[in-house]
Amino acid sequence: MLTWPEKYQGIFVMKKKLDLILKETLEKCFNKGVLEKTALPDYVIEIPNNTNHGHFATNLALALASSQRRPPREIAEIIVEHLVDTGDLLEGVEIAGPGFLNFTISREEWYRLLLEIASPEKDFGRSDQGAGKKILVEFVSANPTGPLHLGHGRGAALGDTLCRILEFTGYDVAREFYINDAGQQMRLLGESIYSRWRQLTEPEYPFPENGYHGDYILDLVKEISRSVDLKSLPEEEAISRCSELGKHTMLEEIKKDLEEFRVIFDVWSSESALYASGSVEEALEAIKEKGQLYEKDGALWIRTSLYGDDKDRVVRKKDGQYTYFASDIAYHLEKWKRGFSKAVNIWGADHHGYVQRMKAALKANGLDDSWLSVLLIQLVKLWKGGQEIKMSKRAGHYVTLKELVGEVGVDAVRFVFLTKNHDSQLDFDVDMVKRQDSENPVYYVQYAHARICSIFRKAASEGISLPDRPQEVLNELNLEEEMALVRLMAEFPPLLEDIARRLEPHRLTYYLTELASGFHKYFNLGTKEPDKRIVTDNVSRSQARLILAEAVRKVLVNGLCLLGISAPERM
RNA sequence: GCGCCCAUAGCUCAGUUGGAUAGAGUGACGGACUACGAAUCCGUAGGUCGCAGGUUCGAAUCCUGCUGGGCGCACCA
């Protein structure tokens with residue numbers, strides 16, 4: 001039976017303890033009169049980039065400099081001199097640079113954290129930061145007029161990973177796909193299909209202006225003519241059948257492609273349903289009651305300009321038709337009514353101009369600015385053989401998500417889509433991603449996992465496994481590389497919370513690459529120096545290193561899982 | 001014309017409430033396996049953080065102006 005420690009002594013606790021020590025120390029200095037009593041300044045306790053700067057560093061002395069009217073280094077010395085050392089947390093403190101305080105945490109404290117990570121019961125990195133908060137993430141939301149392209153894929157990877165991280169950090173998350181299935185574009189889809197069908201027998205039959213040119217339209221023609229006898233219908237009815245069935249088929253396809261991409265939505269909501277249920281009218285009525293609507297030139301306007309938009313916007317046209325904006329407002333008010341404490345939209349960068357007006361419309365309805373966050377994703381450019389593959393949706397020739405996934409695999413596509421900030425353009429080099437070597441960032445991380453699994457197999461073959469009493473072997477861990485790994489893993493939970501707060505999932509790929517790198521580096525020590533291998537002839541040392549390896553493995557698994565990427569045991 | 005975003009190594013990009021010597025991958029060059037997986041590791045080279053001011057103990061990060069790029073400014077969807 002394993003005996004693991006129950007109490008979590010992680011990095012939060014360390015930081016909190018340290019902060020307490022600092023506050024008590026200051027109090028002491030004030031009371032003794034060695035420092036002038038002032039309000040607490042804004043200071044930071046952080047993990048320094050440079051390992052020479054200790055495990056934690058604070059700028060407290062620098063922050064005090066102006067109110068104390070003394071040089072920061074002098075203040076730092078006073079603080080160190082009066083440091084209230086309560087427990088066994090600290091191993092050392094140094095004054096450095098202009099007056100930073102660098103703290104070293106005791107080894108025992110790090111061992112406690114390591115056991116916490118490796119513990120089989122604990123989902124390391126999971127937190128309850130978002131407890132009680134319901135958050136709605138709307139993403140992809142592709143029009144059902146064609147297959148998903150790379151931009152949708154990027155949005156899908158971003159949105160899904162964000163959702164996974166939000167869930168892991170305690171939020172109640174709903175993944176939602178909004179179907180723009182009202183209005184002109186559905187009509188155009190129907191006409192495009194119908195026209196292609198007619199052209200089978202009448203090559204001269206006109207194709208609609210702005211119609212959809214892709215080859216998939218021909219597939220839809222085949223599909224539809226199998227179940228419907230278009231010939232027997234009047235033209236108008238045939239087109240509307242084509243529109244209806246085309247949409248249905250496209251949606252099924254989109255759903256299938258997304259599932260293949262490991263993205264499952266909780267809710268599929270539809271624009272046309274908003275009209276059918278009267279939600280659009282209802283929403284406008286509510287806005288009207290707030291006095292935010294007015295008529296001008298025969299159209300109905302909303303006063304978004306009062307709330308940060310450049311100008312007021314039309315919600316109902318002169319011809320009586322509602323604008324797209326009207327249903328969008330209704331949709332977002334619906335989201336609000338469903339009780340979400342926050343909404344996140346992931347939109348293509350071409351919807352840029354929409355953000356401000358959407359927020360303004362919500363504000364006009366009394367909603368807070370920060371309730372809706374919109375993440376805009378920039379273009380994906382595809383490179384192959386050193387050439388950019390130009391795409392044009394209009395002309396109907398573009399690489400679909402399905403094709404790319406078929407070529408390089410889900411793992412690689414998801415990973416690469418998340419290696420960049422959503423706000424910057426992304427170059428996807430197919431050749432690089434297809435190569436099964438170091439140039440491929442996904443393999444780098446997955447390989448670290450497979451390698452650890454391999455080490456466990458090796459250890460097992462020599463009769464070595466994780467110890468029953470891990471506490472008793474841990475002091476075998478004292479290499480700098482080993483402690484660096486522990487410290488790096490300690491940053492995982494706060495990183496996830498930060499990602500959840502700032503909606504920046506791409507940071508996870510960087511972190512995992514860094515962790516994998518730390519492990520590869522550590523592993524390679526053993527090629528030169530056999531006593532630095534994980535599996536050595538010293539059993540307790542091997543066991544200690546297996547605990548470390550297991551901890552790394554768990555963080556890698558959790559991280560990859562959050563990215564929606566597999567963690568293979570062999571490659 | 002107005003608004004938003006971006007500008008960091010040859011290339012692609014990280015750099016997160018302003019912190020110490022600005023990082024990684026890739027490309028180039030040179031090294032490391034008869035023993036835990038070389039899909040790995042180590043080393044060298046590479047920078048006026050677009051330009052110019054400002055704020056302060058301290059700026060890639062905040063402010064202003066400029067230059068260069070992207071996107072958006074519909075009674076389209």
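Proteins come first, then strands; the chains are lettered A, B, ... in the order of their sequence lines, and each starts at number 1. Quantities reported herein were computed from a predicted structural model and do not represent experimental measurements.
- No contact: A:Gln446 has no heavy atom under 4.0 Å from any strand.
- Here the side chain of A:Thr323 is nearest to one of B:U17, B:C6, B:C75, namely B:C75.
- Look at CD1 on A:Ile455: it is 16 Å from P on B:A35, rounded to the nearest Å.
- For A:Arg487, the salt bridge (charged side-chain N to carboxylate O under 4.0 Å, His left out) partners at least two apart in sequence or on another chain are A:Glu480.
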*Start with the C-alpha distance between A:Asp369 and A:Lys363, add both sets of side-chain angles, then the distance that settles salt bridge (Lys or Arg N to Asp or Glu O under 4.0 Å), and finish with yes or no.*
CA-CA 6 Å; A:Asp369 221 358; A:Lys363 243 192 216 168; 3.7 Å; yes
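- Pair assignment for B:G72: B:C2, on the basis of Watson-Crick or G-U wobble contacts that are both within less than 3.5 Å.
- Listed pair A:Lys317 / B:C76 meets the phosphate criterion, a side-chain N or O lying under 4.0 Å from OP1 or OP2.
- Stacking between A:Phe523 and the base of B:C36 is present: ring centres sit under 5.5 Å apart and the planes differ by under 30 degrees.
- B:A35 is unpaired under the criterion used here, namely a Watson-Crick or G-U wobble arrangement in which both key atom distances are under 3.5 Å.
- Among the heavy atoms of the strands lying under 4.0 Å from A:Arg507 is at least one base atom, whether or not backbone atoms are also near.
- Heavy-atom nearest nucleotides on RNA chain B were determined for A:Ala450 and for A:Asp427, and the one closer to the 5' end corresponds to A:Asp427.
- Here A:Ala349 lies in heavy-atom contact (under 4.0 Å) with sugar-phosphate atoms only.
- For B:C41, one of the phosphate oxygens OP1 or OP2 lies less than 4.0 angstrom from a side-chain nitrogen or oxygen of A:Tyr444.
- Within the nucleic acid shown, A:Lys318 comes within 4.0 Å of at least one base atom, counting heavy atoms only.
- Protein atom CG of A:Leu496 is 18 Å distant from nucleotide atom P of B:U16, rounded to whole Å.
- Side-chain N/O atoms of A:His506 include one lying less than 4.0 angstrom from OP1 or OP2 on B:G15.
- Nucleic acid contact class of A:Ala57 (heavy atoms, under 4.0 Å, all strands): base.
- Heavy atoms of A:Asp429 sit nowhere under 4.0 angstrom from any nucleic acid atom.
- In this model, no side-chain donor or acceptor of A:His520 finds a partner on the base of B:C41 within 3.5 Å.
- Scanning both residues, A:Leu35 and A:Arg70, for their nearest heavy atoms gives CD2-NH1, 4.3 Å.
- Shortest non-hydrogen contact noted between A:Ala61 and A:Ile75 is O-CD1, 3.9 Å.
- Checking B:A7 for Watson-Crick or G-U wobble geometry (two distances, each under 3.5 Å) identifies B:U67 as its partner.
- The side chain of A:Met571 sits closest to B:A39 out of B:C75, B:A35, B:A39.
- Between A:Lys528 and B:C41 there is no side-chain polar atom (N or O) within less than 4.0 angstrom of OP1 or OP2.
- Phosphate proximity of B:A14 to A:Ser424: present, with a side-chain N or O under 4.0 Å from OP1 or OP2.
- With hydrogens and angles disregarded, no donor-acceptor distance shorter than 3.5 Å links the side chain of A:His449 to the backbone of A:Ser566.
- Ranked by how close their nearest RNA chain B nucleotide is to the 5' end, A:Glu569 and A:Tyr324 are led by A:Glu569.
- Using a 4.5 Å heavy-atom cutoff, the side chains of A:Thr58 and A:Phe100 are not in contact.
- Comparing atom distances between the A:Asn524 side chain and each of B:C75, B:G70, B:C41 picks out B:C41 as nearest.
- Atom NZ of A:Lys381 is separated from atom C1' of B:C11 by 13 Å (rounded to the nearest Å).
- A 3.5 Å limit on both hydrogen-bonding distances identifies no Watson-Crick or G-U partner for B:C49.
- Heavy atoms of A:Ala448 sit nowhere under 4.0 angstrom from any nucleic acid atom.
- In a base pair of the Watson-Crick type (N1 to N3 plus N6-O4 or O6-N4) or a G-U wobble (N1-O2 and O6-N3), with each distance short of 3.5 Å, B:C62 is matched with B:G54.
- In this structure, A:Asn102 reaches the bases: a heavy-atom distance under 4.0 Å links it to at least one base atom across the strands shown.
- Side-chain atoms of A:Tyr511 and base atoms of B:A14 include no donor and acceptor less than 3.5 Å apart.
- For A:Asn59 and B:A20, a side-chain-to-base donor-acceptor distance below 3.5 Å is absent, hydrogens and geometry of angles not being considered.
- One interatomic measurement links the two molecules: CG of A:Asp350 to P of B:G70, which rounds to 16 Å at whole-angstrom precision.
- Counting to the nearest Å, the P atom of B:G72 and the CE atom of A:Met358 are 19 Å from each other.
- Of the nucleotides present, B:C13 is the one that pairs with B:G23 by Watson-Crick or G-U wobble criteria, both distances under 3.5 Å.
- Proximity note for A:Arg313 (side chain, C-beta onward) versus B:A74, B:G19, B:G3: the nearest is B:A74.
- Distance from the side chain of A:Arg451 is smallest to B:G37 among B:G3, B:G37, B:A77.
- Atom CG in A:Leu508 sits about 20 Å away from atom P in B:A24, given to the nearest Å.
- Remark: A:Arg501 is not in phosphate contact with B:U16, judged by side-chain N or O atoms under 4.0 Å from OP1 or OP2.
- A cation-pi contact, defined as under 6.0 Å to the ring centre and within 45° of the axis, links A:Arg451 to A:Phe523.
- Judged by centroid separation below 5.5 Å and plane tilt below 30°, A:Tyr510 does not stack onto the base of B:A14.
- The side chain of A:Lys311 has B:C75 as its nearest neighbour among B:G72, B:G37, B:C75.
- Both the sub-6.0 Å distance and the 45° axial angle are satisfied by A:Arg357 relative to the ring of A:Tyr354.
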